[in-house]
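One-based numbering along the sequence shown. Heavy-atom basis, side chains included; hydrogens, waters and symmetry copies ignored.
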Amino acid sequence: MRAVTWHAARDVRVDEVDDPKIVEPTDAIVRITSTAICGSDLHLLDVFGPLMHRGDILGHEPMGIVEEVGADVERIAVGDRVVVPFVIACGHCRMCRAGLPTQCETTRDDEHGTGASLYGYTELYGQIPGGQAEAMRVLLADANLRVVGRDLPDERYLFLSDVVPTAWQAVEYSGAASGDTLAVVGLGPIGQMAVRIARHRGIRVIGVDPVPERRLMAERYGAEPLDFEGHDQAVDALASATVGQGPDAVIDAVGLEAHGNPGTALVQNVVGSLPSALGKPMMVKAGVDRLSALQLGIDGVRRGGTLSVVGVYGGNADPMPMLRIFDKQLTLRFGQANVHRWFDDILPLAEADDDPLGLDDFATHRAPLADAPQLYNLFKRKEEGCVKVVLRP
């Protein structure tokens, strides 16, 4: 079959690879009908290079049709139309029962001290082949696959694999309620969806991003757009928009590759391009992130407010402004999205006739799987209004 594979820093290709097979009796094979490129996939192009292996199959936002199931699969049947959550969970351990499948005690990587295994996302999370392919092996199928209807187009369901639950959790973790003001820093896919979810809940939203096309996209769904030249200007603008107080909560939807940290960006790119034997220990033990989005959230949110961090961070040597966090009495919430926990809450909105979250027009670019390398580069450069890419195998 064809699949999107990682070869080296900034080198993604579409290759012929072996077809997936049933390995465990709890597996299923899914023929992929739609799959998406996530903003966090872009980190694999360079920053996380030392943790990748040549030939790794990328992608963690797929859906499709079940073609084969293992002998022990009971809930899923051949022919089911399914969404594949990016988190691989067992469904029965203490963490899964607590609504934290990202911390699954069955699939977490004890060797690296990380949480649940993820599709297509570095050796830190299991090195499991991903879903930017014509087919994929799904582990623990009964616990993970989500069966959906047949009448609506793929894009009403596809984004429930990651984008919508991730944005949903970001808004939940922010604690913002109807009438509150929420700033969303970073208007990529997650930020855009967080805007739509928050506005659907009656929350006032300020959307912060340096890219005009992204601000315009968020404005169409009710965000008040905010451009900025620098950190202090952005903090002042957030205060001015909220009677001098700052927003009640801030979502950091950017993560480790934020704008405005050229020195750190250089270090990240150098480390990301090193051979694995050199780059991996540097990344795992002493990695640093570009923290401008996180710093903006800390400084911009009101005293007593909440910072909800959904952007991916990977450094273990990041400096944190502990005095400001302590003095402002902030609440900080981080973490991968617990897709399984939120799926049933979101599904009725995805299937609603009026499409309140705008899933039908969420993708900005659609292309065949063969065009994936070009679309990765376009998305990485933030050109041609590229916010969300859907690939058709």
I'd like to know if [X] pairs up with [Y] as an ion pair, taking the criterion as any Lys NZ or Arg NE/NH1/NH2 lying under 4.0 Å from an Asp or Glu carboxylate oxygen.
| X | Y | value |
| --- | --- | --- |
| E67 | R137 | no |
| R94 | E105 | yes |
| K382 | E213 | no |
| R324 | D299 | yes |
| D27 | K21 | no |
| E172 | R201 | yes |

Decide whether [X] and [Y] are clustered together by the hydrophobic rule: side chain heavy atoms of Ile, Leu, Val, Met, Phe, Trp, Tyr closer than 4.5 Å, transitively.
| X | Y | result |
| --- | --- | --- |
| L160 | L145 | no |
| I190 | V83 | yes |
| V195 | Y173 | no |
| M136 | L58 | no |
| I57 | W6 | no |

When you compare the side chain of [Y] with that of [X], does any pair of heavy atoms fall below 4.5 Å?
| X | Y | result |
| --- | --- | --- |
| T306 | D248 | no |
| L118 | I88 | no |
| Q336 | Q103 | no |
| V84 | N144 | no |
| Q233 | V235 | no |
| T35 | R392 | no |
| F362 | M193 | yes |

Practice problem: List for me each residue that meets side chain to side chain donor-acceptor pair (under 3.5 Å) alongside Q245, sequence neighbours excluded, and say none if there are none. | Solution: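 Partners of Q245 by the side chain to side chain donor-acceptor pair (under 3.5 Å) criterion come out as none, since no residue qualifies.
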Measuring from atom [atom1] of [X] to atom [atom2] of [Y], what distance do you get when rounded to the nearest 0.5 angstrom?
| X | Y | atom1 | atom2 | value |
| --- | --- | --- | --- | --- |
| M320 | M322 | CE | CE | 6.5 Å |
| I32 | L391 | CD1 | CG | 11.5 Å |
| H92 | D142 | NE2 | CG | 11.0 Å |
| E24 | L139 | CD | CG | 8.0 Å |
| C386 | H365 | SG | NE2 | 4.5 Å |
| T242 | L182 | OG1 | CG | 12.0 Å |

Looking at [X] and [Y], would you say the former's side chain and the latter's main chain have a donor-acceptor pair under 3.5 Å?
| X | Y | answer |
| --- | --- | --- |
| T102 | N338 | no |
| K388 | I37 | yes |
| D180 | A177 | yes |
| D209 | L187 | yes |
| D154 | L158 | no |
| R156 | A350 | yes |
| R108 | Y125 | no |
| S308 | A170 | yes |
| Y121 | S40 | yes |
| T114 | L124 | yes |

Quiz item: Given L307, which of L330, I251, L294 fulfils the side chain to side chain contact (heavy atoms under 4.5 Å, CB included) condition?
Solution: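 Output: one option passes, namely L294.
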Practice problem: Quick one: name the residues clustered hydrophobically with V23, using the 4.5 Å side-chain heavy-atom rule over I, L, V, M, F, W, Y, and just say none if it's on its own. | Solution: none
Quiz prompt | Hydrophobic cluster of F326, others only, ordered by chain and residue number, side-chain cut-off 4.5 Å | solution = none
Do the side-chain N and O atoms of [X] and [Y] include a donor-acceptor pair separated by under 3.5 angstrom?
| X | Y | answer |
| --- | --- | --- |
| E351 | Y157 | yes |
| Q132 | Y376 | yes |
| H53 | D56 | no |
| D72 | T26 | no |

Quiz item: Under 6.0 Å from the six-membered ring centre of Y221 and within 45° of its axis: does the NZ or CZ of R196 meet both?
Solution: yes
Practice problem: Taking all heavy atoms of P393 and all of A133, pick out the closest pair and write down the distance. | Solution: CG-O, 3.4 Å
Self-check item: Heavy-atom pair with the smallest gap, counting every atom of A241 and I206
Solution: CB-CD1, 3.8 Å
Quiz item: Heavy-atom count around D151 CG within 6.0 Å, excluding the residue itself: above 12?
Solution: no
Quiz item: More than 12 foreign heavy atoms under 6.0 Å from CG of D18: is that the case here?
Solution: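 For D18, atom CG is not crowded (no more than 12 foreign heavy atoms under 6.0 Å).
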Practice problem: Under the side-chain hydrogen bond (donor to acceptor under 3.5 Å, both in side chains) rule, what do Q295 and H231 come out as? Steps first, then yes or no, please. | Solution: CA-CA 8 Å; Q295 297 279 11; H231 177 87; over 6 Å; no
Quiz item: Can the ring centres of H60 and Y119 be said to be less than 6.0 Å apart?
Solution: no
